[in-house]
2 protein chains.
Amino acid sequence: MVTITIKDVAALAGVSVATTSRVLSGNPATSADARSRVQAAVAELDYRPNAQARALRSTRTHAIGLLVPDVRNPFFADLAHTVEQAALVHGFVTLLGNANERKDQQDRYLDNLIARRVDGIIVAPLGDGSGSIRSVVGREIPAVFIDRTIEGIDLPSVTTDSDTGIREAVDHLAALGHTRIGYIAGPQSTSTGRERYASFVRAAGDRGLSLDPALIVFGDFQPESGSAAVRTLLALNEPPTALLVADSPMAFGAIGAIQKLGLRIGTDVALVSFDDIDWLALLDPPVSVIAHSVADMGRIAVDMLRTVIDGGTPESVRLPSRLIIRGSSATPVDPSRSR
Amino acid sequence: MVTITIKDVAALAGVSVATTSRVLSGNPATSADARSRVQAAVAELDYRPNAQARALRSTRTHAIGLLVPDVRNPFFADLAHTVEQAALVHGFVTLLGNANERKDQQDRYLDNLIARRVDGIIVAPLGDGSGSIRSVVGREIPAVFIDRTIEGIDLPSVTTDSDTGIREAVDHLAALGHTRIGYIAGPQSTSTGRERYASFVRAAGDRGLSLDPALIVFGDFQPESGSAAVRTLLALNEPPTALLVADSPMAFGAIGAIQKLGLRIGTDVALVSFDDIDWLALLDPPVSVIAHSVADMGRIAVDMLRTVIDGGTPESVRLPSRLIIRGSSATPVDPSRSR
DNA sequence: CATCAGCTTGGAAACGTTTCCACTTGACGC
DNA sequence: GCGTCAAGTGGAAACGTTTCCAAGCTGATG
């Protein structure tokens with residue numbers, strides 16, 4: 001592995017290392033002559049500055065870390081994409097880490113991002129405020145929360161207000177005659193899991209719908225838990241006539257399980273899912289969803305992080321969510337089946 | 001941003017910087033006493049070694065770069081996940097880059113990975129052998145191709161043999177009575193786009209099916225091009241009775257377009273897609289796919305890269321593909337409609 | 001003609017590690 | 001009791017940059 005350093009470039013260009021460095025980093029105190037000779041040498045040697053050495057000296061890496069709980073969840077894949085594109089515009093490269101919905105892996109990546117001295121971190125966290133997230137705060141490393149937060153950790157955040165969307169969904173289902181709505185909740189170890197759960201309970205209570213605890217099943221945001229929840233819920237003596245699912249991977253599992261039971265969403269059981277994932281609209285019938293804007297979320301997170309990096313303290317942002325009605329929740333409850 | 005260095009740790013532990021370094025990097029030439037005192041100091045100060053400085057000196061970063069063309073394509077999201085998990089097992093952290101199917105962004109990320117001096121690079125490349133990929137090879141940076149390759153760039157690779165799966169699909173469709181199969185091809189600037197196209201032409205020719213050039217439309221592996229292709233193909237005077245699609249995002253677009261035309265896959269037009277993406281099985285009817293193993297591909301790529309890093313020269317691997325028949329291609333051609 | 005400002009330049013220190021080398025210490029075999 | 005050896009240690013060089021500082025040069029100014 002051949003190594004070309006700034007010294008080689010300087011020698012070939014016939015100038016000092018200092019001048020070469022100035023040319024490379026765009027320092028204006030350079031002559032046109034020096035600039036052109038250095039650039040020629042760089043091209044000839046295919047020289048690439050060593051980012052480690054550069055960062056070591058200048059304490060700036062031009063990199064940000066993005067830590068998501070699960071890249072395979074299309075919501076987070078989208079988020080990764082928008083964050084990355086937004087960061088690129090501002091000259092930051094994104095190091096994407098995948099916590100795999102596991103606290104130990106999250107800590108491992110956080111440690112790594114700290115060790116790499118990234119300029120800032122955007123994290124959709126899981127777990128409580130223990131572990132490496134505490135080190136991030138302790139070192140005053142610029143960081144923002146995205147999508148999720150951690151109670152007791154005071155960082156700026158951009159999140160979704162689940163209340164509006166979930167209330168719309170509950171009202172909509174109630175208007176169709178549903179009185180027993182099953183709720184497939186996310187893990188209560190995540191802020192989104194807790195919030196959406198609270199929103200649902202509040203909305204259902206306000207509407208006077210059944211709050212039978214058997215109607216609420218807790219999953220882990222992964223497909224298999226969605227399937228299991230459906231099997232549990234539809235086996236009840238008084239099964240729900242509608243389902244609300246807290247994220248799209250669980251909705252995926254839920255829909256698969258419903259099909260396997262020989263039932264049809266929309267007609268046999270209404271279904272609404274959180275997250276407007278594109279393929280949900282392709283199903284037959286298309287699935288009603290509670291949508292929130294991934295694009296805004298990514299862009300805002302990057303802007304907020306840049307503010308923190310520059311020494312500011314941005315306000316946290318809460319984005320709205322709203323119901324999109326499709327075929328999976330368009331049919332009024334069949335009175336012969338209700339009760 | 002408080003900075004704690006190894007000197008602080010050494011001072012607190014009452015040993016030299018050299019000894020501290022040895023303890024931290026697990027060098028056996030240390031006394032139990034030194035080890036425990038250093039560890040106590042590390043814990044007390046919440047010290048994290050500076051990865052830049054460490055890498056600068058030791059020329060090992062324990063990081064690998066993974067460059068995919070599009071994280072939002074579930075196939076690559078899965079791939080990212082498996083590569084990352086496999087790398088983690090061997091102590092490597094993965095820096096994930098997203099080329100966004102654009103050569104300039106691919107080059108930008110490659111430059112960045114080179115500059116960061118990652119220990120190795122796994123890349124699903126696009127474009128020809130120009131640009132930064134040449135620098136990677138020129139510097140003899142350990143690298144392997146995954147999924148795709150570039151002609152003229154001699155790197156070990158793990159790819160899918162599209163021939164078997166596509167031949168099975170064509171045979172299967174022909175057996176159902178289809179004589180005019182439409183093919184929605186990937187971009188010819190990618191090796192997978194070219195290969196799958198060639199496999200299709202060969203298989204269709206061998207089976208004596210129509211090779212009408214109008215039946216082949218070239219897309220760009222993105223959903224919109226799949227929709228556009230469907231609109232073109234189904235507007236032909238003699239439209240195809242079956243469609244074969246070269247990747248799942250285009251299949252997504254294609255299916256949406258078919259629905260919008262008021263047609264049903266399976267009955268009105270048969271459809272088979274490359275890539276076994278989970279939600280394709282949830283559609284009604286479920287979509288037949290040509291599957292290949294993402295898990296194997298990721299694991300093998302990491303193993304191959306490790307071999308290269310250790311100075312070896314692994315053999316390239318070609319994984320098989322195979323047809324999975326589902327409802328979207330289960331109905332024989334209606335003789336009243338054919339011709 | 002001396003002085004000065006402004007531009008450009010090079011030497012050298014610094015960033016935080018790892019690792020080479022030399023040194024001390026105590027145990028061991030003879 | 002002496003030489004030999006292994007284990008543990010610390011000082012200092014090195015990794016490849018950036019940046020501070022001092023200094024050289026040019027042309028203009030008084």
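Just so it is clear, the model here is predicted, and its values are computed rather than measured.
A:N100 contributes no side-chain N or O that, together with a main-chain N or O of A:R102, makes up a donor-acceptor pair within less than 3.5 Å.
Taking only side-chain nitrogens and oxygens, B:S31 comes nearer than 4.0 Å to OP1 or OP2 of D:dT9.
Residues satisfying the salt bridge (Lys or Arg N to Asp or Glu O under 4.0 Å) test with A:R299, not counting sequence neighbours, are A:D296. Checked against side chain to side chain contact (heavy atoms under 4.5 Å, CB included), B:R134 has the following partners two or more places apart in sequence or in another chain: B:I153. Residues satisfying the salt bridge (Lys or Arg N to Asp or Glu O under 4.0 Å) test with B:R306, not counting sequence neighbours, are B:D303. For A:R108, there are no salt bridge (Lys or Arg N to Asp or Glu O under 4.0 Å) partners at least two apart in sequence or on another chain.
The residue A:A34 sits close only to the backbone: its heavy atoms come under 4.0 Å of sugar-phosphate atoms, none of a base. As judged by a 4.0 angstrom heavy-atom cut-off over every strand, B:A51 is placed among residues making no nucleic acid contact.
Other residues, nucleotides and ligands place more than 12 heavy atoms under 6.0 Å from the CD atom of A:Q188. Other residues, nucleotides and ligands contribute over 12 non-hydrogen atoms within 6.0 Å of the CG atom of B:D310.
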Check the interface with nucleotides 14-24 of chain D: list each N/O to N/O pair with the protein under 3.5 Å, or write none.
unit_1, atom_1, unit_2, atom_2, d
D:dA14, N3, B:R57, NH1, 2.9
D:dT17, OP1, A:Y47, OH, 2.7
D:dT17, OP1, A:N50, N, 3.2
D:dT17, OP2, A:I6, N, 2.7
D:dT17, O5', A:Y47, OH, 3.1
D:dT18, OP1, A:R54, NE, 2.9
D:dT18, OP1, A:R54, NH2, 3.3
D:dT18, OP2, A:S21, OG, 2.5
D:dT18, O2, A:R57, NH1, 2.8

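Over its full length, the helix from C:dC1-D:dG30 to C:dC30-D:dG1 turns its helical axis through 60°, comparing axes from the five pairs at each end and rounding to 10°.
Ion pair B:R148/B:E101 flagged as a salt bridge, since at least one NZ, NE, NH1 or NH2 atom sits closer than 4.0 Å to an Asp/Glu carboxylate oxygen.
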